[in-house]
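Structure, as structure tokens:
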Amino acid sequence: MGQINNVTEFIFWGLSQNLEVEEVCFVVFSVFYTVILLGNLLIMLTVCLSNLFQSPLYFFLNYLSFVDICYSSVTAPKMIVDLLAKNKRISYVGCMLQLFGVHFFGCTEIFILTVMAYDRYVAICKPLHYMAIMDRGRCCKMLLGTWVGGFLHSLIQVALVVQLPFCGPNEIDHYFCDIHPVLKLACTDTYIVGVVVTANSGTIALGSFVILLISYSIILVSLRKQSAEGRRKALSTCGSHIAVVIIFFAPCTFMYMRPDTTFSEDKMVAVFYTIITPMLNPLIYTLRNAEVKNVMKKLWGRKVF
């Protein structure tokens, strides 16, 4: 394929063409991003400074918070700055890096959520063997697997795009470099690349979603054998997981489980999984979790008051 790459930068259309809307969005998303940073940092500090870190569930929650910060930081700061900018530019290299980051951290998050579901399954369905199955060594291997999986996934996505020629136009109808809007700008037929990209992203999103649904169904069925207190406790942690999974996977599946087309709603859907989910994760996991709340009171109550 002859490489005629005379596009050195891309120009985003951004979230809206309306100045007032952009100003309102600037304030709203600045607040959201601050909540993402502070909320997830608070969870990480709480888990690391307390004995929660010994528990496999919080070991993974700690890394979920870390991935949430990285994931939203790939797109949010640039989007927030761009809301007030006249020209929303990004270099070709910057665009490819952003594409890599979005898929790397997004995919890693999907895998961590899947591992957390497995952790809940073992805790509720095999409580006597829990510590043997979820020992620290195995948790570290699973965690490494989530990062390697995310890395390989995004490497494939970027490798498919980098070999395409871009000879203009260079305007992206989005607020960050995502795979479908970028593919639209390639000056060659991207049908096959589009199919491979959809198969890659779609299989991961849908496959993980199905695994999560099955594991939570098994958990809910097995809860019938538990005492009322055990059931209530298990439902409260699983409830928060299920909420996060639905909020994250529904938009992801909508975006990546379809052929190479773009819709006008894509930007609003993308806001959901790049900003809203990373912001809700800390809220859902802390507000619905008595254990984390008690540790926070002990830890930060001592330090603050």
Side-chain angles (χ1 to χ4, degrees), residues 32-33 35-37 39-44 47 56-77 79 97-120 139-158 176-179 197 200-213 215-216 237-238 240-257 269-286 288-289:
F32 282 4
Y33 186 57
V35 172
I36 290 170
L37 294 180
N40 284 297
L41 276 171
L42 182 63
I43 288 189
M44 288 169 69
V47 170
L57 174 63
Y58 298 107
F59 172 77
F60 291 121
L61 179 60
N62 180 53
Y63 287 101
L64 181 71
S65 288
F66 175 68
V67 170
D68 270 334
I69 289 175
C70 297
Y71 182 45
S72 57
S73 297
V74 174
T75 55
M79 176 189 82
L97 285 172
Q98 198 176 45
L99 186 68
F100 181 84
V102 166
H103 281 270
F104 176 44
F105 293 116
C107 186
T108 305
E109 171 141 352
I110 285 177
F111 290 148
I112 289 181
L113 287 169
T114 312
V115 169
M116 287 172 82
Y118 175 71
D119 169 80
R120 290 302 80 204
C139 286
C140 290
K141 279 181 197 145
M142 284 172 161
L143 186 70
L144 181 64
T146 64
W147 287 99
V148 171
F151 181 76
L152 290 175
H153 160 73
S154 54
L155 200 61
I156 293 168
Q157 300 291 68
V158 173
F176 69 93
C177 283
D178 203 2
I179 197 105
V197 159
N200 180 0
S201 296
T203 309
I204 289 172
L206 195 67
S208 304
F209 193 37
V210 170
I211 292 169
L212 287 163
L213 287 179
S215 62
Y216 283 122
T237 36
C238 285
S240 51
H241 284 217
I242 292 167
V244 167
V245 163
I246 290 169
I247 295 166
F248 186 66
F249 277 91
C252 271
T253 310
F254 171 78
M255 288 293 278
Y256 298 112
M257 260 315 282
V269 173
V271 164
F272 239 88
Y273 60 83
T274 55
I275 292 184
I276 309 288
T277 313
M279 182 180 74
L280 289 180
N281 275 359
L283 295 172
I284 289 173
Y285 281 112
T286 48
R288 297 216 32 164
N289 193 315

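Keep in mind that the numbers below use all heavy atoms, side chains included, and drop hydrogens, waters and symmetry copies.
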Task: I179 side chain reached by L99 side chain, heavy atoms, under 4.5 Å - done: yes
Open item on the list: Using modelled atom types and a 3.5 Å cut-off, is there a donor and acceptor pairing between side-chain atoms of S154 and backbone atoms of F151?
Closed with: yes
Task: Nearest non-hydrogen partners of A205 and I110, listed with the distance - done: CA-CD1, 4.3 Å
Open item on the list: Within the supplied structure, the quantity of interest is the number of heavy atoms (other residues, nucleotides, ligands) at a distance under 6.0 Å from Y216 OH; does it exceed 12?
Closed with: yes
Task: M142 CE to M116 CE distance, which is reported to the nearest 0.5 Å - done: 12.0 Å
- [ ] Calculate, to the nearest 0.5 Å, the distance between atoms OG1 and CD1 belonging to T146 and I112 respectively.
- [x] 4.5 Å
- [ ] Determine the minimum heavy-atom distance between C107 and G149, stating which atoms define it.
- [x] SG-O, 4.2 Å
Open item on the list: Check the orientation of Y71 and F248. Use parallel for under 30°, tilted for 30 to 60°, and perpendicular for over 60°.
Closed with: perpendicular
Task: Considering all heavy atoms, the nearest I43-P282 contact - done: CD1-CA, 3.4 Å
- [ ] Find the distance between CE (M79) and CD1 (I275) and round it off to the nearest 0.5 Å.
- [x] 3.5 Å
- [ ] Find out whether F59 and L143 are in side-chain contact, i.e. whether some heavy atom of one side chain is under 4.5 Å from a heavy atom of the other.
- [x] yes
- [ ] Take S215 and R120 through the side chain to side chain contact (heavy atoms under 4.5 Å, CB included) test and state the conclusion after the steps.
- [x] CA-CA 9 Å; S215 62; R120 290 302 80 204; over 6 Å; no
Open item on the list: Tell me the closest heavy-atom pair linking A117 and L212, and the distance in Å.
Closed with: CB-CD2, 3.2 Å
Task: side chain to side chain contact (heavy atoms under 4.5 Å, CB included) assessment of M255 paired with Y273 - done: CA-CA 10 Å; M255 288 293 278; Y273 60 83; 3.5 Å; yes
TODO: To the nearest 0.5 Å, tell me how far D68 CG sits from N281 CG.
DONE: 4.5 Å
Open item on the list: Rounded at 0.5 Å granularity, tell me how far CZ in F60 sits from SG in C139.
Closed with: 4.0 Å
TODO: Any chance you could lay out the side chain to side chain contact (heavy atoms under 4.5 Å, CB included) test for I204 and F111, step after step, and finish with the verdict?
DONE: CA-CA 9 Å; I204 289 172; F111 290 148; 4.0 Å; yes
Task: Approximate separation, where rounding is to 0.5 Å, of F272 CZ and M279 CE - done: 9.0 Å
Task: Where S65 and N40 come nearest, the two heavy atoms and their spacing - done: OG-OD1, 3.3 Å
- [ ] Fit a plane to each ring of F209 and F249, take the angle between them on a 0 to 90° scale, and name the class: parallel (under 30°), tilted (30 to 60°) or perpendicular (over 60°).
- [x] parallel
Open item on the list: Could you walk me through whether F105 and W147 satisfy the side chain to side chain contact (heavy atoms under 4.5 Å, CB included) test, starting with their C-alpha distance in whole Å, then the side-chain angles of each, then the deciding distance to 0.1 Å, before giving a yes or no?
Closed with: CA-CA 8 Å; F105 293 116; W147 287 99; 3.9 Å; yes
Task: T75 to Q98 - nearest heavy-atom pair and separation - done: CA-NE2, 3.9 Å
Open item on the list: Do Y58 and L61 have side chains that approach each other closer than 4.5 Å (heavy atoms only, starting at C-beta)?
Closed with: yes
